[in-house]
2 protein chains.
Amino acid sequence: MLNETHPIRSSEETRTRIFAAARQLLAKKGRRGTTTREIAELAGVNEATLFRHFGNKDALIEACVMYYCPAGDLREFLPKLSGDIESDLRALAHFMTERMESLRDLILATFIEEDQWSSAGDAAWRAPAMIKQAVTDYMAARVERGDLEGDPVLMARLFMGTIFAYVVGRKRMQYPEYTLDDIINFNVNVFLNGVRKKK
Amino acid sequence: MLNETHPIRSSEETRTRIFAAARQLLAKKGRRGTTTREIAELAGVNEATLFRHFGNKDALIEACVMYYCPAGDLREFLPKLSGDIESDLRALAHFMTERMESLRDLILATFIEEDQWSSAGDAAWRAPAMIKQAVTDYMAARVERGDLEGDPVLMARLFMGTIFAYVVGRKRMQYPEYTLDDIINFNVNVFLNGVRKKK
DNA sequence: CTTTTCTGCAAGTAAGTACTTGCACTCAAG
DNA sequence: CTTGAGTGCAAGTACTTACTTGCAGAAAAG
């Protein structure tokens, strides 16, 4: 007999359900504030299943972060860039905003309890670090070509900082009267006017 | 007899010792990761003293945040500004960096566990919100005067965002080869070139 | 001197939490 | 049909944590 408390589920699906629940709770309550009981409940599995899959809470969290922080999806995006700087930067800003937005809470969570995240914390930061490097390279190429002038590292830092601040600060510092496009356009314009090479 | 386990302490001093310890731990481990036992130990008081002073952990944390987030110290600073825009903005950037730095971890902690901070979370954000308003006003005045052009709200947002990103991201995104001055000077220059009115 | 206030100390309680274990059930593969 | 993997369920363990309580000492105020 097949009752509703025993639905058929593959092992894979169970794992992803657990990951989804863990991510949601980790982002909301942090590592210590999240209990295995809550994760199990939200995932719709028994608490014992968590431990049978991952051994302990730490391993679960680490696997969860690894699962959600792939580091390679930037390579599909970069080759598409080659128009003029302004549209490039706008596209980059949109791409980065999306990426960071989807990891926002997980990234934020690694900021506090810093000593307790161990390698899971590093995993969450791998994608942003790769993007940072790519942006720096982009800026350096444009400086080389004579489009921009200044230190590419500081340029990348400034550019990414504006996006970081938008994504992270959004909840506490709200600007409901502006759309994401408004803000990105403004930021890109100011940035470009500020670093474009004078002729 | 006066032994070292019973040193003389006024009630006021005990409170500030508790606040200092609580702040340190809250910043490092978050609200749930911080235990009353640890706070008492670090403060050098008995755990029971905590509860005799504040009743419960929540009230302690709230009192602690209130204690460390005064909202009025900006008024002493603003009147000193009246030179040219560049030096004004540099001074503002330094001031904001210092303020945010001293509250960095407390502010960060309020980002996650958001539902659990209640009014303490608002208290931690009162000072930044006031600074945001002051910067917006400053920008508006400069636009009015014809020095800058653009939307003062977005200008303030961008300007503060760069500082926010620096302070918050510092630990994970390190640039040991640049000093704070390097970064502030670069950011202020780019920003100013970007928003200065063209003649 | 007496009283009040603040504190330390030790013991304890009730609740929560990570994690375990033994058993039964379902389903798919051999 | 048998077997094994994956799961639910219920009970339990060892530990932590917020919070309490009763007692005693020390200092300050009256």
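Below, each value reflects all heavy atoms present in this structure, side chains not excepted, and no hydrogens, waters or symmetry copies. Naming convention: chains lettered A, B, ... in sequence-line order (proteins, then strands); numbering from 1 in each chain.
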Review item, nucleotides 19-23 of chain C N/O atoms under 3.5 Å of protein N/O:
{"unit_1": "dC19(C)", "atom_1": "OP2", "unit_2": "Lys57(A)", "atom_2": "N", "d": "2.7"}

Aromatic plane relationship, Phe19(B) with Tyr68(B) - under 30° parallel, 30 to 60° tilted, over 60° perpendicular: perpendicular
Results of side chain to side chain contact (heavy atoms under 4.5 Å, CB included) for Asn46(B) - residues two or more places apart only: Ala48(B), Thr49(B)
Salt bridge (charged side-chain N to carboxylate O under 4.0 Å, His left out): pairs with one or both residues in residues 88-98 of chain B, sequence neighbours excluded: Glu86(B)-Arg90(B), Asp88(B)-Arg142(B)
Partners meeting side chain to side chain donor-acceptor pair (under 3.5 Å) with Glu41(B) (sequence neighbours left out): none
Residues forming a side chain to side chain donor-acceptor pair (under 3.5 Å) with Tyr67(A), sequence neighbours excluded: none
Phosphate OP1/OP2 of dT7(D): any His53(A) side-chain N/O under 4.0 Å: yes
Euclidean distance, atom CD1 of residue Ile18(B) to atom C1' of dT7(C) [Å, nearest integer]: 11 Å
Just the atom pairs and distances: protein N or O near nucleotides 2-4 of chain D's N or O, under 3.5 Å.
none

End-to-end axis angle, where each axis spans five pairs of the helix from dC1(C)-dG30(D) to dG30(C)-dC1(D), to 10°: 10°
Nearest-Å distance for atom pair CZ/C1', residues Arg32(A) and dT17(D): 11 Å
Residues that Ala91(B) engages under side chain to side chain contact (heavy atoms under 4.5 Å, CB included), provided they are two or more places apart: Phe77(B), Leu81(B)
Backbone of Thr34(B) reached by a side-chain donor or acceptor of Lys57(B) within 3.5 Å: yes
All side chain to side chain contact (heavy atoms under 4.5 Å, CB included) counterparts of Asn56(B), not counting sequence neighbours: Asp58(B), Ala59(B)
Any residue meeting side chain to side chain donor-acceptor pair (under 3.5 Å) with Glu149(A), in chain and number order, not counting sequence neighbours: none
Side chain to side chain donor-acceptor pair (under 3.5 Å) against Asp151(A), all qualifying residues, sequence neighbours excluded: Tyr178(B)
Residues in ring-ring contact (aromatic ring centres under 6.0 Å, His included) contact with Phe191(A), at least two apart in sequence or another chain: Phe159(A)
Any Thr49(A) side-chain nitrogen or oxygen under 4.0 Å from OP1 or OP2 of dG8(D): yes
Phosphate contact (dT5(C) OP1 or OP2) by Ser11(B) side-chain N/O below 4.0 Å: no
